[in-house]
Amino acid sequence: MERCICGEIGSVRQEIEGIPVVTCVACGIVRQTDLPFKDSTSLTQWYEKEYVYTHTYTQDFDTALKRLNVYEAKDVMKGKCLD
């Protein structure tokens, strides 16, 4: 079983709008499961060969800021954040 970023191991499996996810029992973070990538190499190859990028930097930045506000993680911007 995978460990959450908060350190907890326990999670609840469910589907949200048909997408399989797990919800951490400790912090409530929801993560997608059953992704088609087995490791970072296959993820990188997918981005290099199949991914079609359709957003602008501004759209991505605005979306990331909205998510940080929802997550109440404004202080994260002082360090590194992958969104």
Side-chain angles (χ1 to χ4, degrees):
M1 181 174 269
E2 271 189 59
R3 187 176 299 274
C4 180
I5 61 169
C6 76
E8 180 65 41
I9 293 177
S11 60
V12 176
R13 288 188 167 274
Q14 60 185 356
E15 281 193 10
I16 298 177
E17 295 187 26
I19 300 170
V21 296
V22 292
T23 303
C24 177
V25 296
C27 69
I29 286 180
V30 177
R31 296 181 288 118
Q32 270 187 265
T33 60
D34 306 325
L35 295 174
F37 313 109
K38 296 180 178 131
D39 54 31
S40 61
T41 302
S42 62
L43 174 64
T44 301
Q45 289 173 346
W46 181 81
Y47 270 107
E48 289 175 346
K49 296 176 182 169
E50 297 180 43
Y51 181 71
V52 178
Y53 192 76
T54 59
H55 301 110
T56 66
Y57 170 80
T58 302
Q59 289 171 318
D60 285 348
F61 186 78
D62 291 344
T63 300
L65 287 178
K66 288 176 186 175
R67 288 180 178 161
L68 289 172
N69 285 329
V70 170
Y71 302 156
E72 297 179 359
K74 296 172 190 100
D75 291 338
V76 172
M77 291 305 288
K78 295 176 184 172
K80 294 180 180 178
C81 177
L82 174 63
D83 182 71

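Remember, predicted model here, so these are calculated numbers, not experimental data. Below, all heavy atoms of this structure are taken into account, side chains as well, without hydrogens, waters or symmetry copies.
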Subject >> Listed partners of Thr44 passing side-chain hydrogen bond (donor to acceptor under 3.5 Å, both in side chains), at least two apart >> reply: none
Original post:
With clusters built from Ile, Leu, Val, Met, Phe, Trp and Tyr whose side-chain heavy atoms come within less than 4.5 Å, directly or transitively, what are the remaining members of the cluster of Val52, listed by chain and number?
Top reply: none
**OP:** Any chance you could pull the hydrophobic cluster mates of Val12, using side-chain heavy atoms under 4.5 angstrom and chaining through other members?
**Re:** Val25
**OP:** Return the minimal non-hydrogen interatomic distance between Thr23 and Gly28, and the atom names on each side.
**Re:** CG2-O, 3.7 Å
Subject >> Residue pair Val21 / Gln32: nearest heavy atoms and the distance that separates them >> reply: CG1-CA, 4.1 Å
Subject >> Heavy-atom neighbours of Tyr57 OH exceed 12 at 6.0 Å >> reply: no
Subject >> Ile29 CD1 to Cys4 SG distance, which is reported to the nearest 0.5 Å >> reply: 4.5 Å
**OP:** Quick one: pull up SG in Cys24 and CZ in Arg3 and give me the separation to the nearest 0.5 Å.
**Re:** 10.5 Å
